[in-house]
There are 2 protein chains.
Amino acid sequence: MTILPTPSRARIKDVAALAGVSPATASRALSNDPAVTEITKKRVIDAARTLRFRPNSLARDLRSGGVTTAIGYVMQDLANPWYAQVAAGAEEIFRKAGLELIVATTEEDPLREELVVRTMLERRVQALLLIPLSDDHSYLEGERQLGTPLIFVDRPPINLTADSITIDNRGGVAEGVDHLVNSGHRRIGLLSGPESLWTTRERFEGYKLGLKRNDIEFDPTLVKHSQYTNESVDELFSTLMSSNNRPSALISTNNRLTVSLLQTNSEMLETIAFLGFDDFELADLLKISVISYDAVELGRQAARLTLERIQRPLETPKQIEIKTVLVPRGSAERNPKNV
Amino acid sequence: MTILPTPSRARIKDVAALAGVSPATASRALSNDPAVTEITKKRVIDAARTLRFRPNSLARDLRSGGVTTAIGYVMQDLANPWYAQVAAGAEEIFRKAGLELIVATTEEDPLREELVVRTMLERRVQALLLIPLSDDHSYLEGERQLGTPLIFVDRPPINLTADSITIDNRGGVAEGVDHLVNSGHRRIGLLSGPESLWTTRERFEGYKLGLKRNDIEFDPTLVKHSQYTNESVDELFSTLMSSNNRPSALISTNNRLTVSLLQTNSEMLETIAFLGFDDFELADLLKISVISYDAVELGRQAARLTLERIQRPLETPKQIEIKTVLVPRGSAERNPKNV
DNA sequence: CTGTTAGCGCTTTCAA
DNA sequence: TTGAAAGCGCTAACAG
């Protein structure tokens with residue numbers, strides 16, 4: 001009976017020994033250094049294959065300046081298709097640049113953000129993409145000074161100067177109001193997400209802006225803020241629709257609200273003109289008009305901005321704003337009821 | 001005019017120097033070693049804060065055995081909600097265990113799989129989750145022998161012994177056939193994904209199994225294989241529906257096909273009984289009956305299996321199979337037309 | 001073209 | 001309770 005040796009990972013000096021060269025030469029051969037003879041190169045590569053050598057990138061990155069090929073991506077929830085699409089777009093660009101994505105979620109908890117970010121920085125990610133949740137990013141000031149590229153996606157940083165890429169929330173909703181007014185609506189309701197979110201507040205501003213430029217007086221009873229549970233959406237919508245002040249058109253400020261509404265109140269939704277912010281799968285089939293932009297493309301652009309900042313760390317941070325597109329599909333093109 | 005010093009990252013010896021102790025003591029203090037006085041501990045922690053010290057986990061992990069707290073997760077496409085949900089479930093469990101997720105996509109290219117996996121292994125991930133695409137995993141044999149936990153999700157490994165967690169594809173579809181037969185259907189069509197996919201083949205087997213146990217003869221003209229583009233789905237469906245051999249019921253073997261069908265042929269779809277494999281958002285609203293399972297839960301279970309294997313690396317790999325549930329919502333409960 | 005030496009930043013003996 | 005010294009695996013600087 002033979003005793004099986006516990007298999008263990010080959011190191012570069014094992015490869016070097018088998019090939020009969022020094023570790024330095026082995027290292028050079030494996031990184032395809034032109035200063036190595038083809039013949040020794042082959043010997044080393046064969047030895048590496050025989051020993052199933054896998055270079056240890058921890059050691060490599062530590063030795064060569066401590067910068068890795070990983071990019072940190074911090075967001076709230078991967079199960080939400082929107083976040084996943086942004087991640088997919090970013091991953092696509094980074095992959096082509098030879099960079100990998102480390103993802104972490106904050107689980108909708110602002111306090112977790114700093115924790116998660118810290119872990120990524122300890123891993124020495126080359127850059128950090130952040131869909132921020134916390135309302136104070138001054139904890140990143142030191143990192144900014146060190147030159148780590150910090151890119152804020154969908155929402156801008158607070159108490160920090162950094163690159164950001166956001167949507168034209170105000171313009172999008174204001175345009176939505178215009179669109180509804182063009183169909184004859186004057187009583188336009190707003191079903192809105194939690195006011196703690198920057199995007200929600202911006203979209204609210206866009207709503208008021210739209211009303212104003214169409215000479216419609218702002219009526220607070222037409223605005224409802226939700227906390228994102230199906231129940232609360234249902235309730236808010238019902239209240240809105242049963243009031244004697246019933247709107248003839250409604251804007252919902254994000255796709256989670258829209259989907260919730262569809263799931264709980266799809267029939268009543270057909271009795272008013274409806275416009276949603278954010279596109280979603282099957283919205284076309286359901287003929288839901290939306291204020292739209294491409295989430296995957298947002299991710300790609302965020303990644304491109306990141307690559308740019310990696311190349312030129314000292315340049316002034318950029319603020320990119322993406323325009324929205326109004327996609328009419330029927331739901332927002334209904335005329336007001338004769339009431 | 002003062003010259004600003006180029007800011008640079010503090011190392012543990014800087015912290016030690018400021019606190020007036022040795023690097024070893026600083027290290028111990030920061031890892032909360034009970035053998036360090038409270039007073040020196042405080043001095044070190046203060047110094048670390050002052051210098052904004054962030055430990056370098058590359059160095060740490062290298063020194064302490066070369067194992068990181070990262071888990072590799074390789075899949076095809078994050079923009080596909082299904083993959084994202086599985087990732088979300090896995091991330092949730094890993095996060096709670098203090099592990100991070102490194103994600104990479106193979107972009108539907110089997111050859112990229114090995115490349116991407118290699119990168120992760122060089123990063124010394126603690127375990128590897130794989131939604132495999134390639135048809136040969138023998139390249140992982142060496143890694144298996146080294147004891148790296150390898151977990152295959154949704155599809156089993158080929159030419160390799162490893163843990164896997166899959167769906168009961170055969171049972172699910174066979175049960176679907178039973179369900180349709182119970183409503184009186186005998187001519188049941190199958191719209192299927194590419195046969196190169198293991199899940200597609202299994203679901204096809206389940207279809208044949210279902211027919212057989214209901215004494216229905218298999219008719220190959222009722223089966224169409226798609227390559228996943230909207231056009232091909234449209235065409236295949238039209239061919240099927242216009243033949244003089246038109247089925248009275250149809251099963252689609254995955255949610256991408258189902259969504260495609262809905263987008264291109266939703267009206268005609270209402271003229272037959274329809275059952276889809278995989279659930280999807282708004283399927284309830286659209287009253288689409290499905291053979292379902294929880295993708296997020298699949299991810300969670302995969303992660304739990306991973307944690308188990310990390311703890312007991314030498315145990316025999318497990319094969320977990322998740323049962324499906326048939327969710328009737330209307331579309332599959334239509335009776336056959338009188339033709 | 002190749003080898004020797006040193007050291008990335010950290011933790012872990014071992015000794016005091 | 002703390003410090004000195006060694007070394008994780010790799011690569012870069014410097015010789016030769």
Under 3.5 Å, is there a donor-acceptor pair linking the side chains of B/Glu113 and B/Tyr139?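 The answer is yes; a qualifying pair exists.
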Does a side-chain N or O from A/Thr25 land closer than 4.0 Å to OP1 or OP2 of C/dG3, or not?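 Indeed, a polar side-chain atom of A/Thr25 lies that close.
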Length of the line joining [X]:[atom1] and [N]:[atom2], which is rounded to integer Å:
| X | N | atom1 | atom2 | value |
| --- | --- | --- | --- | --- |
| B/Lys41 | D/dT2 | NZ | C1' | 14 Å |
| B/Arg43 | D/dT2 | CZ | C1' | 12 Å |
| B/Asp33 | C/dT11 | CG | C1' | 11 Å |

Assess whether atom CD of B/Gln311 is packed by more than 12 heavy atoms of other residues, nucleotides or ligands within 6.0 Å.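 No, CD of B/Gln311 has 12 or fewer neighbouring heavy atoms, counting only those of other groups under 6.0 Å.
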Does a salt bridge link [X] with [Y], judged by any charged N lying under 4.0 Å from a carboxylate O?
| X | Y | value |
| --- | --- | --- |
| B/Arg123 | A/Glu100 | yes |
| A/Arg118 | A/Glu122 | no |
| B/Arg304 | B/Glu297 | yes |

Hey, what are the protein-to-nucleotides 8-12 of chain D N/O distances that come in under 3.5 Å?
{"from": "D/dC8", "atom 1": "O2", "to": "B/Arg63", "atom 2": "N", "distance (Å)": "3.3"}
{"from": "D/dG9", "atom 1": "N2", "to": "A/Ala59", "atom 2": "O", "distance (Å)": "3.3"}
{"from": "D/dC10", "atom 1": "OP1", "to": "A/Asn56", "atom 2": "N", "distance (Å)": "3.3"}
{"from": "D/dC10", "atom 1": "OP2", "to": "A/Ile12", "atom 2": "N", "distance (Å)": "2.4"}
{"from": "D/dT11", "atom 1": "OP1", "to": "A/Arg60", "atom 2": "NH1", "distance (Å)": "3.2"}
{"from": "D/dT11", "atom 1": "OP2", "to": "A/Ser27", "atom 2": "OG", "distance (Å)": "2.7"}
{"from": "D/dT11", "atom 1": "O2", "to": "A/Arg63", "atom 2": "NH1", "distance (Å)": "2.9"}
{"from": "D/dA12", "atom 1": "O4'", "to": "A/Arg63", "atom 2": "NH2", "distance (Å)": "3.1"}

I'd like to know if the side chain of B/Arg309 and the backbone of B/Pro149 have a donor-acceptor N/O pair within less than 3.5 Å.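 Answer holds: no.
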